[in-house]
There are 2 protein chains.
Amino acid sequence: MRVVPSLTTPSKRAPRREPPSPKKARAPEIPASNGQVDGAGLSEAEIVRAAREIIAEVGVQGLTMRRLSNDLGVALGATYHHIATKHDLLLLVGRNLYSEVSVFVEGGTWDAKLKSLMMNQSAIIGRYPGMGNFLMTHVDELVPSDLNKTVREILVEVGFSEREMTALMGALFFYVTGMSAGGLAAATAKVFRGRNMLALFEDGLDMLITGARVRMEVDRKAKRRAARP
Amino acid sequence: MRVVPSLTTPSKRAPRREPPSPKKARAPEIPASNGQVDGAGLSEAEIVRAAREIIAEVGVQGLTMRRLSNDLGVALGATYHHIATKHDLLLLVGRNLYSEVSVFVEGGTWDAKLKSLMMNQSAIIGRYPGMGNFLMTHVDELVPSDLNKTVREILVEVGFSEREMTALMGALFFYVTGMSAGGLAAATAKVFRGRNMLALFEDGLDMLITGARVRMEVDRKAKRRAARP
DNA sequence: ACCTGAACACCGTTCAAGT
DNA sequence: ACCTGAACACCGTTCAAGT
(Lines give C-alpha, C1' and ligand atoms only; values in the text may rest on other atoms or scores of the structure.)
Protein backbone atom coordinates (compact mmCIF):
# COMPACT_ATOMS: atom_id res chain seq x y z
CA MET A 1 0.00 0.00 0.00
CA ARG A 2 2.69 2.43 1.08
CA VAL A 3 5.03 3.61 -1.65
CA VAL A 4 8.56 3.70 -0.37
CA PRO A 5 10.43 5.99 -2.71
CA SER A 6 13.36 3.76 -3.55
CA LEU A 7 14.88 1.57 -6.17
CA THR A 8 11.62 -0.09 -7.02
CA THR A 9 10.11 3.11 -8.35
CA PRO A 10 12.16 4.41 -11.26
CA SER A 11 9.99 7.47 -11.73
CA LYS A 12 7.38 8.59 -9.23
CA ARG A 13 5.68 10.75 -11.78
CA ALA A 14 2.72 9.36 -13.67
CA PRO A 15 3.16 8.46 -17.37
CA ARG A 16 2.60 12.13 -18.20
CA ARG A 17 -0.43 14.27 -17.68
CA GLU A 18 -2.20 15.99 -20.52
CA PRO A 19 -0.33 19.15 -21.53
CA PRO A 20 -1.63 22.27 -19.81
CA SER A 21 -4.58 23.09 -21.99
CA PRO A 22 -5.19 26.82 -22.48
CA LYS A 23 -8.07 26.60 -19.96
CA LYS A 24 -10.79 24.17 -19.05
CA ALA A 25 -12.71 23.58 -22.24
CA ARG A 26 -16.04 25.04 -21.34
CA ALA A 27 -18.69 27.06 -23.17
CA PRO A 28 -17.98 30.77 -22.84
CA GLU A 29 -20.77 32.25 -20.77
CA ILE A 30 -22.07 35.72 -20.26
CA PRO A 31 -20.14 37.20 -17.34
CA ALA A 32 -22.47 37.24 -14.35
CA SER A 33 -23.03 40.44 -12.43
CA ASN A 34 -20.88 39.18 -9.59
CA GLY A 35 -18.06 38.88 -12.06
CA GLN A 36 -17.57 35.20 -11.27
CA VAL A 37 -18.96 32.80 -13.80
CA ASP A 38 -18.91 29.14 -12.93
CA GLY A 39 -15.66 27.80 -14.28
CA ALA A 40 -14.39 31.06 -15.70
CA GLY A 41 -11.20 31.94 -13.89
CA LEU A 42 -9.95 30.11 -10.87
CA SER A 43 -12.09 29.99 -7.76
CA GLU A 44 -11.26 28.66 -4.34
CA ALA A 45 -14.09 26.15 -4.63
CA GLU A 46 -12.74 24.82 -7.89
CA ILE A 47 -9.25 24.49 -6.49
CA VAL A 48 -10.54 22.59 -3.48
CA ARG A 49 -12.53 20.28 -5.71
CA ALA A 50 -9.49 19.51 -7.85
CA ALA A 51 -7.35 19.02 -4.76
CA ARG A 52 -9.84 16.52 -3.33
CA GLU A 53 -9.76 14.59 -6.56
CA ILE A 54 -5.99 14.34 -6.50
CA ILE A 55 -5.86 13.37 -2.83
CA ALA A 56 -8.44 10.66 -3.39
CA GLU A 57 -6.24 9.26 -6.11
CA VAL A 58 -2.70 9.65 -4.79
CA GLY A 59 -3.01 10.93 -1.24
CA VAL A 60 -1.90 14.15 0.43
CA GLN A 61 1.73 13.29 -0.33
CA GLY A 62 0.91 12.98 -3.99
CA LEU A 63 -0.91 16.30 -4.02
CA THR A 64 1.58 18.71 -5.48
CA MET A 65 1.01 22.36 -6.17
CA ARG A 66 2.39 21.70 -9.62
CA ARG A 67 0.14 18.76 -10.31
CA LEU A 68 -2.83 20.66 -8.97
CA SER A 69 -2.08 23.60 -11.25
CA ASN A 70 -1.61 21.22 -14.12
CA ASP A 71 -5.00 19.62 -13.54
CA LEU A 72 -6.55 23.06 -13.31
CA GLY A 73 -4.90 24.04 -16.55
CA VAL A 74 -3.05 27.03 -15.14
CA ALA A 75 0.51 27.94 -14.23
CA LEU A 76 1.88 27.31 -10.77
CA GLY A 77 1.80 30.97 -9.86
CA ALA A 78 -1.89 31.25 -10.65
CA THR A 79 -2.80 28.73 -7.98
CA TYR A 80 -0.69 30.62 -5.49
CA HIS A 81 -2.61 33.74 -6.33
CA HIS A 82 -5.69 32.15 -4.77
CA ILE A 83 -4.19 29.99 -2.06
CA ALA A 84 -1.33 31.12 0.11
CA THR A 85 0.21 27.78 1.05
CA LYS A 86 -0.36 24.08 0.68
CA HIS A 87 -1.14 24.04 4.37
CA ASP A 88 -4.00 26.47 3.82
CA LEU A 89 -5.28 24.37 0.97
CA LEU A 90 -5.40 21.26 3.14
CA LEU A 91 -7.24 23.21 5.79
CA LEU A 92 -9.84 24.17 3.20
CA VAL A 93 -10.15 20.58 2.05
CA GLY A 94 -10.52 19.45 5.66
CA ARG A 95 -13.31 21.88 6.39
CA ASN A 96 -14.94 20.89 3.14
CA LEU A 97 -14.93 17.24 4.15
CA TYR A 98 -16.30 17.92 7.62
CA SER A 99 -19.18 19.85 6.15
CA GLU A 100 -20.28 16.67 4.43
CA VAL A 101 -20.23 14.44 7.47
CA SER A 102 -23.04 15.95 9.45
CA VAL A 103 -25.53 16.22 6.62
CA PHE A 104 -27.58 13.19 7.57
CA VAL A 105 -27.83 11.93 11.10
CA GLU A 106 -29.37 8.50 11.42
CA GLY A 107 -30.62 6.69 14.48
CA GLY A 108 -33.06 7.58 17.22
CA THR A 109 -31.17 7.36 20.51
CA TRP A 110 -28.26 9.66 21.17
CA ASP A 111 -25.71 6.88 21.02
CA ALA A 112 -27.08 5.56 17.75
CA LYS A 113 -26.91 9.05 16.29
CA LEU A 114 -23.38 9.53 17.55
CA LYS A 115 -22.29 6.21 16.16
CA SER A 116 -23.72 6.83 12.71
CA LEU A 117 -22.05 10.22 12.65
CA MET A 118 -18.69 8.73 13.53
CA MET A 119 -18.96 5.87 11.07
CA ASN A 120 -19.85 8.41 8.45
CA GLN A 121 -16.87 10.56 9.31
CA SER A 122 -14.48 7.65 9.18
CA ALA A 123 -15.86 6.57 5.81
CA ILE A 124 -15.44 10.00 4.28
CA ILE A 125 -12.01 10.76 5.66
CA GLY A 126 -10.83 7.25 4.88
CA ARG A 127 -11.39 7.97 1.22
CA TYR A 128 -8.66 10.62 1.25
CA PRO A 129 -5.31 9.06 2.19
CA GLY A 130 -3.21 11.28 4.40
CA MET A 131 -6.06 13.62 5.29
CA GLY A 132 -6.79 12.00 8.64
CA ASN A 133 -3.18 12.43 9.47
CA PHE A 134 -3.26 16.09 8.62
CA LEU A 135 -6.51 16.73 10.45
CA MET A 136 -5.11 15.06 13.54
CA THR A 137 -2.19 17.44 13.81
CA HIS A 138 -4.27 20.50 13.10
CA VAL A 139 -7.37 20.00 15.22
CA ASP A 140 -7.00 23.40 16.70
CA GLU A 141 -7.12 25.11 13.32
CA LEU A 142 -10.20 23.24 12.20
CA VAL A 143 -12.78 23.76 14.89
CA PRO A 144 -15.46 24.71 15.41
CA SER A 145 -16.80 22.66 12.54
CA ASP A 146 -20.39 21.85 11.69
CA LEU A 147 -19.76 18.31 12.80
CA ASN A 148 -18.48 19.57 16.10
CA LYS A 149 -21.63 21.57 16.69
CA THR A 150 -23.89 18.71 15.71
CA VAL A 151 -22.21 16.32 18.13
CA ARG A 152 -22.27 18.94 20.85
CA GLU A 153 -26.02 19.44 20.50
CA ILE A 154 -26.67 15.72 20.72
CA LEU A 155 -24.63 15.37 23.90
CA VAL A 156 -25.99 18.45 25.64
CA GLU A 157 -29.53 17.27 25.07
CA VAL A 158 -29.03 14.01 26.94
CA GLY A 159 -27.46 15.81 29.86
CA PHE A 160 -23.72 15.52 29.41
CA SER A 161 -21.75 17.91 31.56
CA GLU A 162 -19.31 20.20 29.81
CA ARG A 163 -16.40 18.23 31.14
CA GLU A 164 -17.62 14.77 30.19
CA MET A 165 -18.68 16.07 26.82
CA THR A 166 -15.32 17.56 26.02
CA ALA A 167 -13.56 14.38 27.07
CA LEU A 168 -15.83 12.24 24.93
CA MET A 169 -15.50 14.51 21.92
CA GLY A 170 -11.75 14.50 22.17
CA ALA A 171 -11.61 10.76 22.54
CA LEU A 172 -14.00 10.26 19.64
CA PHE A 173 -12.07 12.60 17.41
CA PHE A 174 -8.74 10.93 17.93
CA TYR A 175 -10.12 7.43 17.80
CA VAL A 176 -12.14 7.93 14.64
CA THR A 177 -9.65 10.10 12.80
CA GLY A 178 -6.73 7.94 13.84
CA MET A 179 -8.50 4.79 12.76
CA SER A 180 -9.37 6.34 9.42
CA ALA A 181 -5.80 7.47 8.96
CA GLY A 182 -3.85 4.49 10.12
CA GLY A 183 -5.73 1.37 10.92
CA LEU A 184 -8.73 1.18 8.71
CA ALA A 185 -6.75 1.96 5.59
CA ALA A 186 -4.36 -0.93 6.02
CA ALA A 187 -6.80 -3.77 5.96
CA THR A 188 -3.99 -6.27 6.02
CA ALA A 189 -2.47 -4.79 9.17
CA LYS A 190 -1.02 -7.28 11.56
CA VAL A 191 -1.78 -5.21 14.64
CA PHE A 192 -5.31 -6.32 14.76
CA ARG A 193 -4.54 -9.68 13.35
CA GLY A 194 -7.59 -11.70 13.06
CA ARG A 195 -10.44 -10.23 11.18
CA ASN A 196 -12.65 -7.54 9.83
CA MET A 197 -11.18 -4.15 10.59
CA LEU A 198 -14.54 -2.46 10.27
CA ALA A 199 -16.04 -4.71 12.94
CA LEU A 200 -13.14 -3.88 15.22
CA PHE A 201 -13.64 -0.22 14.55
CA GLU A 202 -17.25 -0.57 15.62
CA ASP A 203 -16.28 -2.51 18.74
CA GLY A 204 -13.92 0.24 19.81
CA LEU A 205 -16.53 2.85 19.12
CA ASP A 206 -19.10 0.98 21.20
CA MET A 207 -16.60 0.69 24.00
CA LEU A 208 -15.95 4.38 24.01
CA ILE A 209 -19.62 5.30 23.92
CA THR A 210 -20.41 2.78 26.66
CA GLY A 211 -17.76 4.30 28.88
CA ALA A 212 -19.13 7.75 28.21
CA ARG A 213 -22.68 6.65 29.10
CA VAL A 214 -21.60 5.10 32.37
CA ARG A 215 -19.65 8.17 33.39
CA MET A 216 -22.49 10.42 32.37
CA GLU A 217 -24.99 8.47 34.48
CA VAL A 218 -22.71 8.49 37.48
CA ASP A 219 -22.33 12.22 37.08
CA ARG A 220 -26.08 12.68 36.83
CA LYS A 221 -26.82 10.67 39.95
CA ALA A 222 -24.24 12.59 41.90
CA LYS A 223 -25.88 15.82 40.89
CA ARG A 224 -29.38 14.62 41.79
CA ARG A 225 -28.16 13.50 45.18
CA ALA A 226 -26.52 16.85 45.80
CA ALA A 227 -29.75 18.64 44.86
CA ARG A 228 -31.83 16.67 47.41
CA PRO A 229 -31.92 18.14 50.95
CA MET B 1 3.80 26.55 17.70
CA ARG B 2 3.37 25.57 14.07
CA VAL B 3 5.82 27.10 11.66
CA VAL B 4 4.04 28.06 8.49
CA PRO B 5 6.75 28.32 5.88
CA SER B 6 5.97 31.75 4.53
CA LEU B 7 7.00 35.36 4.53
CA THR B 8 7.64 35.44 8.24
CA THR B 9 10.56 33.05 8.03
CA PRO B 10 13.26 34.48 5.82
CA SER B 11 15.43 31.39 6.10
CA LYS B 12 14.21 28.15 7.58
CA ARG B 13 17.73 26.97 8.21
CA ALA B 14 19.31 27.57 11.60
CA PRO B 15 22.05 30.25 11.90
CA ARG B 16 24.53 27.69 10.61
CA ARG B 17 25.69 24.48 12.11
CA GLU B 18 29.27 23.79 12.99
CA PRO B 19 31.24 22.83 9.89
CA PRO B 20 31.46 19.08 9.34
CA SER B 21 34.33 18.20 11.62
CA PRO B 22 36.59 15.41 10.33
CA LYS B 23 34.91 13.02 12.80
CA LYS B 24 33.60 13.04 16.31
CA ALA B 25 36.52 14.10 18.48
CA ARG B 26 37.06 10.99 20.52
CA ALA B 27 40.08 9.13 21.85
CA PRO B 28 41.28 6.57 19.33
CA GLU B 29 40.71 3.15 20.84
CA ILE B 30 42.06 -0.27 20.12
CA PRO B 31 39.75 -1.85 17.55
CA ALA B 32 37.67 -4.46 19.37
CA SER B 33 37.55 -7.98 18.07
CA ASN B 34 34.04 -7.43 16.73
CA GLY B 35 35.46 -4.58 14.71
CA GLN B 36 32.98 -2.11 16.16
CA VAL B 37 34.36 0.20 18.84
CA ASP B 38 31.91 2.44 20.63
CA GLY B 39 31.78 5.67 18.67
CA ALA B 40 34.27 4.67 16.02
CA GLY B 41 32.50 4.61 12.69
CA LEU B 42 28.80 5.07 12.30
CA SER B 43 26.46 2.66 13.98
CA GLU B 44 22.72 2.35 13.66
CA ALA B 45 22.36 3.06 17.35
CA GLU B 46 24.32 6.27 17.07
CA ILE B 47 22.30 7.42 14.10
CA VAL B 48 19.05 6.75 15.94
CA ARG B 49 20.29 8.66 18.96
CA ALA B 50 21.24 11.67 16.85
CA ALA B 51 17.93 11.51 15.01
CA ARG B 52 16.00 11.51 18.29
CA GLU B 53 17.92 14.57 19.40
CA ILE B 54 17.04 16.45 16.25
CA ILE B 55 13.40 15.43 16.33
CA ALA B 56 13.10 16.52 19.94
CA GLU B 57 14.42 19.92 18.92
CA VAL B 58 12.80 20.60 15.54
CA GLY B 59 10.36 17.76 14.94
CA VAL B 60 10.17 15.09 12.27
CA GLN B 61 9.78 17.75 9.60
CA GLY B 62 12.97 19.40 10.74
CA LEU B 63 14.86 16.13 10.69
CA THR B 64 16.78 16.19 7.45
CA MET B 65 19.14 13.55 6.21
CA ARG B 66 21.58 16.39 5.58
CA ARG B 67 21.26 17.85 9.04
CA LEU B 68 21.52 14.41 10.58
CA SER B 69 24.70 13.69 8.66
CA ASN B 70 26.04 17.08 9.63
CA ASP B 71 25.41 16.41 13.32
CA LEU B 72 27.08 13.05 12.96
CA GLY B 73 30.05 14.67 11.29
CA VAL B 74 29.83 12.62 8.11
CA ALA B 75 28.81 13.13 4.50
CA LEU B 76 25.26 12.54 3.37
CA GLY B 77 26.17 9.35 1.57
CA ALA B 78 27.68 7.85 4.70
CA THR B 79 24.36 7.97 6.52
CA TYR B 80 22.68 6.32 3.59
CA HIS B 81 25.19 3.54 3.78
CA HIS B 82 23.68 2.54 7.12
CA ILE B 83 20.05 3.50 6.69
CA ALA B 84 18.15 2.90 3.47
CA THR B 85 15.53 5.63 3.72
CA LYS B 86 14.25 8.30 6.06
CA HIS B 87 11.16 6.17 6.47
CA ASP B 88 13.28 3.32 7.80
CA LEU B 89 15.03 5.69 10.16
CA LEU B 90 11.74 6.87 11.62
CA LEU B 91 10.66 3.29 12.06
CA LEU B 92 13.84 2.64 14.05
CA VAL B 93 13.23 5.73 16.16
CA GLY B 94 9.64 4.65 16.76
CA ARG B 95 10.63 1.20 17.95
CA ASN B 96 13.31 2.77 20.09
CA LEU B 97 10.74 4.99 21.79
CA TYR B 98 8.28 2.17 22.38
CA SER B 99 10.96 0.13 24.06
CA GLU B 100 11.19 2.82 26.70
CA VAL B 101 7.52 3.01 27.52
CA SER B 102 7.00 -0.38 29.05
CA VAL B 103 10.04 -0.37 31.31
CA PHE B 104 8.19 0.48 34.49
CA VAL B 105 4.57 -0.43 35.07
CA GLU B 106 3.02 1.26 38.06
CA GLY B 107 -0.27 0.53 39.78
CA GLY B 108 -1.79 -2.59 41.24
CA THR B 109 -5.08 -3.17 39.47
CA TRP B 110 -5.12 -3.87 35.77
CA ASP B 111 -6.75 -0.55 34.93
CA ALA B 112 -4.26 1.39 37.02
CA LYS B 113 -1.42 -0.41 35.27
CA LEU B 114 -2.93 0.24 31.89
CA LYS B 115 -3.46 3.88 32.66
CA SER B 116 0.09 4.46 33.86
CA LEU B 117 1.39 2.75 30.76
CA MET B 118 -0.66 4.96 28.50
CA MET B 119 0.22 8.17 30.33
CA ASN B 120 3.83 7.14 30.06
CA GLN B 121 3.52 6.51 26.35
CA SER B 122 1.88 9.83 25.72
CA ALA B 123 4.56 11.65 27.69
CA ILE B 124 7.38 10.04 25.77
CA ILE B 125 5.91 10.40 22.31
CA GLY B 126 4.77 13.92 23.05
CA ARG B 127 8.39 14.91 23.46
CA TYR B 128 9.08 14.18 19.80
CA PRO B 129 6.95 16.44 17.58
CA GLY B 130 5.65 14.68 14.51
CA MET B 131 6.47 11.20 15.77
CA GLY B 132 2.95 10.43 16.95
CA ASN B 133 1.76 11.36 13.54
CA PHE B 134 4.20 9.03 11.87
CA LEU B 135 3.49 6.15 14.24
CA MET B 136 -0.22 6.53 13.62
CA THR B 137 0.11 5.99 9.89
CA HIS B 138 2.51 3.11 10.24
CA VAL B 139 1.02 1.01 13.00
CA ASP B 140 1.22 -2.08 10.93
CA GLU B 141 4.97 -1.74 10.47
CA LEU B 142 5.64 -1.22 14.16
CA VAL B 143 4.02 -4.12 15.91
CA PRO B 144 4.50 -6.31 17.73
CA SER B 145 6.28 -4.00 20.13
CA ASP B 146 7.28 -4.64 23.70
CA LEU B 147 4.57 -2.27 24.80
CA ASN B 148 2.06 -4.24 22.81
CA LYS B 149 3.04 -7.45 24.51
CA THR B 150 2.96 -5.89 27.97
CA VAL B 151 -0.54 -4.52 27.47
CA ARG B 152 -1.68 -7.83 26.05
CA GLU B 153 -0.47 -9.74 29.08
CA ILE B 154 -2.27 -7.41 31.45
CA LEU B 155 -5.55 -7.76 29.60
CA VAL B 156 -5.40 -11.51 29.15
CA GLU B 157 -4.79 -11.99 32.83
CA VAL B 158 -8.01 -10.26 33.86
CA GLY B 159 -10.00 -12.29 31.40
CA PHE B 160 -10.43 -10.15 28.32
CA SER B 161 -11.56 -12.05 25.27
CA GLU B 162 -9.43 -11.77 22.16
CA ARG B 163 -12.02 -9.62 20.50
CA GLU B 164 -12.56 -7.16 23.34
CA MET B 165 -8.85 -6.95 23.88
CA THR B 166 -8.08 -6.13 20.28
CA ALA B 167 -10.76 -3.46 20.22
CA LEU B 168 -9.47 -1.88 23.41
CA MET B 169 -5.88 -1.93 22.26
CA GLY B 170 -6.78 -0.33 18.98
CA ALA B 171 -8.85 2.33 20.66
CA LEU B 172 -6.13 3.01 23.21
CA PHE B 173 -3.47 3.26 20.56
CA PHE B 174 -5.28 5.78 18.45
CA TYR B 175 -6.52 7.80 21.36
CA VAL B 176 -3.18 8.04 23.12
CA THR B 177 -1.04 8.48 20.04
CA GLY B 178 -3.46 10.92 18.49
CA MET B 179 -3.65 12.96 21.65
CA SER B 180 0.11 13.04 21.90
CA ALA B 181 0.38 14.07 18.28
CA GLY B 182 -2.36 16.61 17.97
CA GLY B 183 -4.13 17.66 21.07
CA LEU B 184 -1.75 17.48 23.94
CA ALA B 185 0.94 19.36 22.06
CA ALA B 186 -1.20 22.39 21.38
CA ALA B 187 -2.01 23.38 24.91
CA THR B 188 -3.71 26.50 23.68
CA ALA B 189 -6.05 24.57 21.40
CA LYS B 190 -9.55 25.92 21.22
CA VAL B 191 -11.13 22.54 20.63
CA PHE B 192 -11.07 21.70 24.23
CA ARG B 193 -11.55 25.24 25.29
CA GLY B 194 -11.69 25.41 28.95
CA ARG B 195 -8.87 23.97 30.88
CA ASN B 196 -6.06 21.59 31.56
CA MET B 197 -5.41 19.39 28.56
CA LEU B 198 -3.75 16.74 30.66
CA ALA B 199 -6.85 16.41 32.85
CA LEU B 200 -8.97 16.03 29.73
CA PHE B 201 -6.60 13.41 28.43
CA GLU B 202 -7.05 11.49 31.66
CA ASP B 203 -10.82 11.84 31.52
CA GLY B 204 -10.91 10.38 28.03
CA LEU B 205 -8.63 7.57 29.08
CA ASP B 206 -10.84 6.75 32.06
CA MET B 207 -13.85 6.77 29.81
CA LEU B 208 -12.28 4.32 27.43
CA ILE B 209 -11.13 1.99 30.20
CA THR B 210 -14.52 2.15 31.90
CA GLY B 211 -16.22 1.17 28.67
CA ALA B 212 -13.81 -1.69 28.23
CA ARG B 213 -14.44 -2.95 31.78
CA VAL B 214 -18.20 -2.89 31.34
CA ARG B 215 -18.02 -4.79 28.08
CA MET B 216 -15.57 -7.26 29.53
CA GLU B 217 -17.84 -8.00 32.50
CA VAL B 218 -20.86 -8.43 30.26
CA ASP B 219 -18.86 -10.82 28.14
CA ARG B 220 -17.75 -12.77 31.20
CA LYS B 221 -21.26 -13.16 32.60
CA ALA B 222 -22.54 -14.35 29.26
CA LYS B 223 -19.84 -17.01 29.17
CA ARG B 224 -20.55 -18.16 32.73
CA ARG B 225 -24.24 -18.44 31.98
CA ALA B 226 -23.51 -20.48 28.88
CA ALA B 227 -21.29 -22.81 30.90
CA ARG B 228 -23.99 -23.49 33.50
CA PRO B 229 -26.38 -26.40 32.64
C1' DA C 1 -6.78 41.59 -10.65
C1' DC C 2 -5.17 37.57 -12.57
C1' DC C 3 -1.85 34.94 -14.81
C1' DT C 4 2.92 33.19 -16.94
C1' DG C 5 7.79 31.94 -16.83
C1' DA C 6 11.47 31.41 -14.45
C1' DA C 7 13.96 31.32 -10.62
C1' DC C 8 15.45 30.22 -5.43
C1' DA C 9 16.40 27.38 -1.73
C1' DC C 10 15.59 23.55 -0.33
C1' DC C 11 14.49 18.09 -0.20
C1' DG C 12 15.41 12.54 -0.47
C1' DT C 13 18.07 9.48 -2.94
C1' DT C 14 21.82 7.65 -5.90
C1' DC C 15 26.41 6.69 -7.43
C1' DA C 16 31.12 6.84 -9.31
C1' DA C 17 35.25 7.37 -7.14
C1' DG C 18 38.37 7.13 -3.46
C1' DT C 19 40.61 4.58 1.06
C1' DA D 1 33.31 -2.09 3.86
C1' DC D 2 32.87 2.58 4.53
C1' DC D 3 32.98 7.15 3.14
C1' DT D 4 33.12 11.68 -0.01
C1' DG D 5 31.54 14.80 -3.63
C1' DA D 6 28.56 15.70 -6.74
C1' DA D 7 24.71 15.03 -9.12
C1' DC D 8 19.42 13.99 -10.25
C1' DA D 9 14.71 14.73 -9.94
C1' DC D 10 11.91 16.54 -7.45
C1' DC D 11 9.49 20.00 -3.86
C1' DG D 12 7.03 24.66 -1.93
C1' DT D 13 7.26 29.37 -2.57
C1' DT D 14 8.31 33.88 -4.72
C1' DC D 15 8.32 37.43 -8.13
C1' DA D 16 9.16 40.41 -12.14
C1' DA D 17 6.75 40.83 -16.14
C1' DG D 18 2.87 40.65 -19.01
C1' DT D 19 -2.64 41.32 -20.06
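Reminder, nothing fancy here: chain letters follow the sequence lines and each chain counts from 1.
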*Relative to the 5' end of DNA chain C, which residue comes earlier, L76(A) or H82(A), by the nucleotide with the nearest heavy atom?*
H82(A)
*Could you pull out all residues at least two apart from E44(B) that satisfy salt bridge (charged side-chain N to carboxylate O under 4.0 Å, His left out)?*
none
*Using atom types as modelled and distance alone, determine if a side-chain donor or acceptor of D146(B) lies under 3.5 Å from a backbone N or O of S99(B).*
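No.
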For the pair made of [atom1] in [X] and [atom2] in [N], what is the distance, rounded to whole Å?
X: R66(A); N: dC8(C); atom1: CZ; atom2: P; result: 14 Å
X: Y80(B); N: dC11(C); atom1: OH; atom2: P; result: 11 Å
X: N70(B); N: dT4(D); atom1: CG; atom2: P; result: 11 Å
X: L89(A); N: dC11(D); atom1: CG; atom2: P; result: 15 Å
X: E44(A); N: dA1(C); atom1: CD; atom2: C1'; result: 16 Å
X: I83(B); N: dT14(C); atom1: CD1; atom2: C1'; result: 16 Å
X: L72(B); N: dT4(D); atom1: CG; atom2: C1'; result: 15 Å
X: I47(B); N: dC2(D); atom1: CD1; atom2: P; result: 11 Å

Of the listed nucleotides [options], the one nearest the side chain of [X]:
X: A75(A); options: dT14(D), dC11(C), dT4(C); value: dT4(C)
X: L42(A); options: dA6(C), dA7(D), dC3(C); value: dC3(C)
X: K86(B); options: dT13(C), dC3(C), dA7(C); value: dT13(C)
X: H81(A); options: dT4(D), dT13(D), dA1(C); value: dA1(C)

*Output, in order, the C-alpha distance, side-chain angles, deciding distance and verdict of salt bridge (Lys or Arg N to Asp or Glu O under 4.0 Å) for R152(B) and E162(B).*
CA-CA 10 Å; R152(B) 216 177 170 81; E162(B) 180 69 29; 2.7 Å; yes
*Could you tell me which residues satisfy side-chain contact (heavy atoms from CB on, under 4.5 Å) with E153(B), sequence neighbours excluded, listed by chain and number?*
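side-chain contact (heavy atoms from CB on, under 4.5 Å) list for E153(B), sorted by chain: empty.
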*Smallest separation among heavy atoms of Y98(A) and T177(A), with atom names*: OH-OG1, 4.5 Å
*Touch class at under 4.0 angstrom, heavy-atom based, for L63(A) against every strand present*: sugar-phosphate
_Heavy atoms of other groups near E53(A) CD, more than 12 under 6.0 Å_ =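 Atom CD in E53(A) is not crowded, with 12 or fewer foreign heavy atoms closer than 6.0 Å.
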*Less than 4.0 Å between a side-chain N and a carboxylate O, is that true for R95(A) and E141(A)?*
no
*Secondary-structure notation, DNA chain D, from Watson-Crick and G-U pairs under 3.5 angstrom (| other strand)*: ||.|||||...|||||.||
*asked:* Both A78(A) and M65(A) contact DNA chain D. Taking the nearest nucleotide for each, which residue is further toward the 5' end?
replied: M65(A)
